[in-house]
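Note sheet for the following structure.
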Amino acid sequence: MKNKLNEIFDEAKPQEIDQFSDELNAPELPDEVLASVKGKVYAKTNLKKENKNAKSVWLRIAAVAACFVLVLSAVIAIPMLQKANLPDVPTWDTAQYSAEDIAKLFDSMRYDGVATNAYTKIYVPDSKYLYIGNMTDDEYLKLYQRTQINKELNEVEFKTFIDAFLPKLAESLDAPVPEYNTKENNYSTGSNLSVSVDIGSYHLLASQNSQRNSLGLSKLEGNRQIVIDGETIQIDQRLSDEEILDSILSIKNKLFGIFGISFSNAKVVRNFDSYTKHGAEFVDIYFYDESAHELNSSQPRPVTDYIYISFDNFSNYSGDIVSDSMLTVSSVYYFKNRSDLGNTPYDIVANTKRISISEAEALLYNGYVFGGHSCPLCMRAQDKIDFEGYDFVDIEYVFEYSNKNGTPSIGIPFYAFYKNIGTSENGNTIYAKTYVPAIEVSGYEEYFESQKGKHQNSWGIEAIPR
Amino acid sequence: MEDSKLLRLLHKDPSAGMEQLMNQYAGLVYAVVKGKLAQSFYVSTDIEDCVADVFSEFYAELAKYDPKISSIKSYLCVLARYHATDVARKRERQHGDVSLDDEDSLVQIVDDFTVDGDLAEDELRREVFGAIKELGEPDSSIIIRKYYFGESSKEIANALKLTISNIDTRTHRALNKLRRLFGGKEV
């Protein structure tokens, strides 16, 4: 069904669009695309490509000669300088995965066919919020694979999931139990079932996809606070993580009672940005079982079942409270893997030799990096960064996001490198983060050579660290 | 270059003016066209052809452009949207009704936006645009990016440095707010 908002935009008049001129910004096109567009326009309009005023013949010859000398010098001298500075790129011709396979883990490559960003920017008031773990000395690293995807949608199972908690949830929210309908949605990445229903002044959004049932509860009106059994869900962000978890113990137990589940572990993840001057923009609290899967300790989000509470600290809604201390605007989520997947949605498929940190650095310094989940539009803002003298390195798994073609989703370990690149307007430290595979991978030079134009990105800015 | 100077250049030296116009706005026109075509089936050359059509039409119909009514930027955006819609319709006729929606978060938002139909279309548009502006940042940017440039939640999340679930939640809330304002049914 065509979206009404799209229709409205389709019919918009120029004067109506004027008011959004600040938001209507796009990066420059790469030279080759711009040249192609111009060529087509000149052909259609009979305009001639603009020529600069003719210079004298001697002046032009002199200019050409000077350029020739410069280019020749550059061709010879610059590669020599670069070769002198950069470490040799290690090669593993028989590795299980190629650089091209690795690139497919990242969305921009999968969906847009362009190379990933050179790096992602992260803003934190303190490096402890980078959540860098202790790197082990393991000689081999595990590769994971999602156990099963594309499980058929099942409305009966979905309703059973919802009905198991809905009466208790409504009672705790002091609201009547609502009637609801399920809806099937089809997307290019797959299908899902969804339920969108009000519970009193709260809103419940539940969904089932091929892997799990999930729900989100929020309050869209007024103070947007969730009150369970008379107790407001809130935290004081000035407290330490341990103190926050202690302060929310009673809410945790109430949620466990509503959803009929209990988890042994909890963690606080604070998210910062470049502009908020009131502490964190979000604070997420996860309740989960760390021992249920070894990835739970290393991934930002647990891979097994979990409940999490997300606290907002926004400023753009009327009535919102932007606070340096108490955060009272929250949403509650519950993710439950679908029954026969149990609590182990990822299998270990291989133990693969880990490359050394010096080998990873050689790849890093030569620009053979994968900058993270990114989009071509983001690349426009990327300045080149020299990662030499980086501040931190960690091992992090990146999982292929795929339920499109039914192939198993692979999780590959990467060295994640962090480099302090300055301070944002709100005083947070900016870290550039980029990824180098922590396992042997073949075909780096060939792949990056083939992606040269793309890796310079669609928008004309070179997106390689150095 | 400011609109007034650009217009003077276009009239005085069309080649130089068009060169400047395309240098300045080709990226924007490209993004609008790509955003619109991303909702339907298209082939890669469609985008460049469509962008070229937009600039060609702007040049051919230069006399129709009135700087008192809108900026060149907005005028080009509307032309771009119009041409892209045209291409999308042609492609849909050729390939059937193929719709792409790259919503990929685990909790999918339901974003069909309906209104009660009492308002005239022109009035409705004005009201909706005013309401989008009133959403404030980053929500108005999210709505523009999602529904004008056709960016996915993931792309917006990356650009605005927010999480995908936050983009979806904000989109959901913003759409519900718009629905409430215009008498549509909340979802």
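Here is how names work: the chains are called A, B, and so on, in the same order as the sequence lines, proteins then strands, and each is numbered from 1. Note: hydrogens, waters and symmetry copies are ignored here, and every other heavy atom, side chains too, is used.
- For the pair Tyr30(B) and Leu34(A), the minimum side-chain heavy-atom distance is 4.5 Å or more.
- Here the straight-line distance linking atom NE2 of His172(B) with atom OG of Ser196(A) works out to 4.5 Å at 0.5 Å rounding.
- Summarising the local packing, CG of Asp66(B) is surrounded by more than 12 heavy atoms from other residues, nucleotides or ligands at distances under 6.0 Å.
- Of the listed residues (Pro14(B), Ala157(B), Ser70(B), Ala84(B)), the one with the most heavy-atom contacts under 4.5 Å to chain A is Ser70(B).
- No more than 12 heavy atoms of other residues, nucleotides or ligands shown are found within 6.0 angstrom of OH on Tyr82(B).
- Taking the side chain as every heavy atom from C-beta outward, Arg173(B) and His203(A) never approach each other to under 4.5 Å.
- Listed options Ile143(B), Asp53(B), Val54(B) were ranked by heavy-atom pairs under 4.5 angstrom with chain A; first place goes to Asp53(B).
- Rounded to the nearest 0.5 Å, atoms OG1 (Thr163(B)) and CZ (Arg301(A)) are 7.0 Å apart.
- Taking CG from Asn271(A) and CG from Asn166(B), the interatomic distance works out to 9.0 Å, rounded to the nearest 0.5 Å.
- With a 4.5 Å cut-off on side-chain heavy atoms, Lys40(A) and Val51(B) do not count as touching.
- Neither the backbone nor the side chain of Ser310(A) comes within contact range of chain B; no heavy atom of the residue lies under 4.5 Å from a heavy atom of that chain.
- Remark: Thr169(B) OG1 to Phe282(A) CZ distance equals 8.5 Å, nearest 0.5 Å.
- Proximity to chain A is limited to the side chain of Tyr59(B), based on heavy atoms less than 4.5 angstrom apart.
- Considering all non-hydrogen atoms of both residues, Ser56(B) and Val41(A) come closest at OG-CA, 3.9 Å.
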